[in-house]
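Because the structure is predicted, anything quoted here is derived from the model rather than measured.
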Amino acid sequence: MQVHDVDLRLLRIFVAIVECGGLSAAESRLNIGRSTISSHLSDLEVRLGIKLCKRGRSGFEITESGRVTYQASLELLQQCEAFASTVASSKNELSGRVTIATIDTLVSDPRCGVARTIRALKAKSNNIQFDINVCEAREVETSVVNGRSLVGIGVSRHHLRGLDYYPLHNENNYLYCAVDHPLFDCKPSEINKLLQSAEVITSNYMRDKESRNDGLNYQTSAIAYHDEGIAHLILSGEFIGYLPDHYANYWVEKGLFKAILPEKYSYQIPVVLISSKNNIISPLANALIEEIKRCHSFG
């Protein structure tokens, strides 16, 4: 089949459906109604002559042909972005879509240079569109691997093949309790005993390393996937948990949070810039990477 502009639009809609996990979930991302999304999806299936997904009362499920089409769509859309960026660079212009995947709460870290990066790129060109996706740490890497994001800013314990990792700064994480928790105003002699009975929030978010053998009580009654979720649980006064100091400081300054034995219960984790080795041919990706490094330089 020949690919036309309308096909690219339909493919972008299909990619959004898959990544959101269904038609209803894609409404807010695409800013169009479910019935319109369904109509576009049907048009694409007719255009391609294949069934891309199953949808009905049983829920949304992508077909094998849909999986193949999704991967091919990612590659095609990435190549289109690279083409536009390369042609623009031949006219000494920067043009295209800057897509950045980040872990949450970085905006509260004064060392984070994302805002400065955006401002610097806007000063260079008005033909750049920005798309920032806040997600879990593992999703940041996945977003760069599959080409949805030009770069990612996050944390990584195990580097993936095909990606470059550049250290930006270290993030300090401490163990916090809220004002309503018994540990908040306890006597120093009671801390160790209360710590043994205190429930610590378990997190699949990679900053929270409950496997670090700190001897605390990790139960399964409180789980969070983002820092904001951890903060909600701590604020309840029923749990304690680890948070980055720059994020927790909002509640610390209000007298609502307190770090517990910070000299003992703390750890550092590097925040890194994640990019694909395949993006070296993209002038826009190169400009983005250079600005992120410059805007995170504190030397």
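- The structure places OG1 of Thr105 at 8.0 Å from CG of Leu243, a figure rounded to the nearest 0.5 Å.
- A salt bridge is absent between Lys293 and Glu290; no separation between the charged side-chain nitrogens and carboxylate oxygens falls under 4.0 Å.
- Around atom CD of Glu228, no more than 12 heavy atoms belonging to other residues, nucleotides or ligands sit under 6.0 Å away.
- Atom CZ in Arg67 sits 6.0 Å away from atom CD1 in Ile62 (nearest 0.5 Å).
- Residues Asp43 and Leu10 are in side-chain contact: their nearest non-hydrogen atoms beyond the backbone lie under 4.5 Å apart.
- The CG atom of Asn172 sits 5.0 Å away from the CG atom of Asp245 when rounded to the nearest 0.5 Å.
- With sequence neighbours excluded, the residues satisfying side-chain hydrogen bond (donor to acceptor under 3.5 Å, both in side chains) with Arg34 are Ser24.
- In the hydrophobic cluster analysis, where Ile, Leu, Val, Met, Phe, Trp and Tyr join through side-chain heavy atoms closer than 4.5 angstrom, Val68 is grouped apart from Phe60.
- At least one donor-acceptor pair closer than 3.5 Å links the side chain of Glu45 to the backbone N or O of Leu52.
- Ionic pairing of Glu291 and Lys124 is present here: one or more N-O contacts between side-chain nitrogen and carboxylate oxygen are shorter than 4.0 angstrom.
- Transitive grouping of hydrophobic side chains (ILVMFWY, heavy atoms separated by less than 4.5 Å) brings Leu261 and Ile240 into a common cluster.
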Would you check, one step at a time, whether the test side chain to side chain contact (heavy atoms under 4.5 Å, CB included) holds for Tyr265 with Leu195? CA-CA 11 Å; Tyr265 296 106; Leu195 274 171; 3.6 Å; yes

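- Atoms OG and CG, on Ser236 and Asp180 in that order, are 8.5 Å from each other to the nearest 0.5 Å.
- Interatomic distance, Ile230 CD1 to Tyr247 OH, rounded to the nearest 0.5 Å: 9.0 Å.
- The local environment of CZ in Phe130 is crowded, with over 12 non-hydrogen atoms from other residues, nucleotides or ligands closer than 6.0 Å.
- In this structure, the separation between CG on Asp227 and NE2 on His232 is 11.5 Å, given to the nearest 0.5 Å.
- Remark: side-chain polar atoms of Tyr176 are not paired, donor with acceptor, to backbone N or O of Pro244 under 3.5 angstrom.
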